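Every heavy atom of this structure was used, including side-chain atoms; hydrogens, water molecules and symmetry mates were not. The first residue in the sequence is number 1, and the count goes up from there. Please read all numbers here as calculations on a predicted model, not as lab measurements.
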Amino acid sequence: LLFQSEDRSFAIAKYRRDDGTEFVAKGNDLPLEKNLTVRMYGAWKLDKSGRNQFQMDFYEIARQSDRAGVVAYLQALRCGIGKAKANLIFDKFGQDSWDILRDNPYDLMTVKGISVTQVSKLIEAMGKTQGLRGVIMLFTKANVRVSPAQASRFCAAHKNPIADLKTNPYCAVKTEG
């Protein structure tokens with residue numbers, strides 16, 4: 001992390017590609033968890049010093065199959081599952097952890113210390129992040145930049161925000177904020 005605004009909405013951070021080379025990205029709602037594999041969407045721009053910098057519009061979390069990735073993902077959701085419990089989940093499900101999270105999250109309750117409340121919070125957090133990123137992606141594809149806060153307000157104002165946006169793109173005009 002090179003810089004983060006006080007309200008944590010904007011950041012500049014250094015990332016490592018699969019080939020080991022590093023690059024700098026800036027944007028709203030950057031993924032800041034270590035060991036998390038993501039795919040970023042945006043554009044390369046020159047910074048004030050004339051160096052290439054990636055302006056991220058949105059990102060998708062890649063399927064995590066190793067311990068570090070699964071633990072980082074669970075911690076990033078901020079749903080009451082910390083590092084210790086995330087490691088227990090990986091101990092039980094191994095490389096299938098991602099599939100369990102996506103397809104059968106209530107199976108997590110077979111892990112000692114994981115409650116139905118935590119699984120419910122996990123499901124809610126996964127749904128929110130997926131919906132928020134989907135809305136940002138749709139706006140970006142239409143060449144409209146929105147902040148995570150704006151996308152969040154849109155999601156809060158619509159029961160099915162992605163479906164609403166796909167069927168009637170003008171519904172975004174009616175959303176305050």
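Cluster membership for Phe3 and Leu32, using ILVMFWY side-chain heavy atoms within less than 4.5 angstrom, is not shared. Under a hydrophobic-cluster definition in which Ile, Leu, Val, Met, Phe, Trp and Tyr are linked whenever side-chain heavy atoms come within less than 4.5 Å, directly or via other members, Met56 and Val24 are assigned to different clusters.
Residues Cys155 and Val135 approach most closely at SG-CG2, 3.7 Å, considering heavy atoms. Between Gly42 and Asp57, the shortest heavy-atom distance links the atoms CA-OD2, 3.5 Å. Of all non-hydrogen atoms in Pro105 and Val119, the two that sit nearest each other are O-CG1, 3.6 Å. Nearest heavy-atom pair, Ile89 versus Ser97, reported as atom, atom and distance to 0.1 Å: O-OG, 3.8 Å. Of all heavy-atom pairs between Ser65 and Gln95, the closest is O-CG, 3.3 Å. Nearest heavy atoms, Phe154 versus Ala172: CE1-CA, 3.6 Å.
Applying the side-chain hydrogen bond (donor to acceptor under 3.5 Å, both in side chains) criterion to Asp7, with sequence neighbours excluded, gives Ser5, Ser9. With sequence neighbours left out, the salt bridge (charged side-chain N to carboxylate O under 4.0 Å, His left out) criterion links Arg17 to no other residue. Annotation: ring-ring contact (aromatic ring centres under 6.0 Å, His included) contacts of Tyr59 (sequence neighbours excluded): none. For Asp96, the salt bridge (charged side-chain N to carboxylate O under 4.0 Å, His left out) test picks out no residue, with sequence neighbours left out. With sequence neighbours left out, the side-chain hydrogen bond (donor to acceptor under 3.5 Å, both in side chains) criterion links Glu22 to Arg16. Take Lys128 and apply the salt bridge (charged side-chain N to carboxylate O under 4.0 Å, His left out) test, not counting sequence neighbours, and it matches Glu124.
Asn52 contributes atom CG, which lies 11.5 Å from atom NZ of Lys45 (distance to the nearest 0.5 angstrom). Here the CG-CD distance, from Leu101 to Gln64, works out to 10.0 Å after rounding to the nearest 0.5 Å. Taking CD1 from Ile12 and CG from Leu1, the interatomic distance works out to 9.0 Å, rounded to the nearest 0.5 Å. Atom NZ of Lys121 is separated from atom CD1 of Ile81 by 10.0 Å, given to the nearest 0.5 angstrom. Note: Leu88 CG to Ile114 CD1 = 7.0 Å, rounded to the nearest 0.5 Å. Gln150 contributes atom CD, which lies 8.5 Å from atom CG of Asn28 (distance to the nearest 0.5 angstrom).
Within the 4.5 Å cutoff, no side-chain heavy atoms of Gln118 are placed close to those of Cys79. Taking the side chain as every heavy atom from C-beta outward, Met126 and Leu77 approach each other to under 4.5 Å. For the pair Lys26/Gln55, a side-chain contact is recorded, criterion being any heavy-atom separation below 4.5 Å from C-beta on. Side-chain atoms of Arg51 and Leu46, non-hydrogen and from C-beta on, never get closer than 4.5 Å to each other.
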Discussion item. Working note: Leu74 + Val70, criterion side-chain contact (heavy atoms from CB on, under 4.5 Å); need CA distance, chi angles, decisive distance, verdict.
Written reply: CA-CA 6 Å; Leu74 287 168; Val70 170; 4.0 Å; yes
Item to complete: Evaluate the side-chain contact (heavy atoms from CB on, under 4.5 Å) criterion for residues Phe10 and Leu30: first the C-alpha distance (whole Å), next the side-chain angles of each, then the deciding distance (0.1 Å), finally the verdict.
Response: CA-CA 7 Å; Phe10 177 81; Leu30 283 179; over 6 Å; no
Item to complete: Evaluate side-chain contact (heavy atoms from CB on, under 4.5 Å) for Asn35 paired with Val71, printing each intermediate quantity in order.
Response: CA-CA 9 Å; Asn35 300 316; Val71 170; over 6 Å; no
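Counting only residues at least two apart or on different chains, the salt bridge (charged side-chain N to carboxylate O under 4.0 Å, His left out) pairs with a member in residues 100-112 are Asp99-Arg102. Residue pairs meeting the ring pair (Phe, Tyr, Trp, His ring centres under 6.0 Å) criterion with at least one partner in residues 23-56, sequence neighbours excluded, are Tyr15-Phe23, Phe23-Trp44, Tyr41-Phe58, Trp44-Phe54. For residues 163-173, no residue pair satisfies the salt bridge (charged side-chain N to carboxylate O under 4.0 Å, His left out) rule, not counting sequence neighbours. Legend: ring pair (Phe, Tyr, Trp, His ring centres under 6.0 Å) pairs involving residues 104-132, not counting sequence neighbours: none detected. For residues 69-95, the set of pairs meeting the ring pair (Phe, Tyr, Trp, His ring centres under 6.0 Å) definition, not counting sequence neighbours, comprises Tyr73-Trp98. Residues in residues 70-95 take part in these salt bridge (charged side-chain N to carboxylate O under 4.0 Å, His left out) pairs, two or more places apart or across chains: Glu33-Arg78, Arg67-Asp91.
Annotation: Asp19, atom CG; neighbour count of heavy atoms from other residues, nucleotides and ligands within 6.0 Å is above 12.
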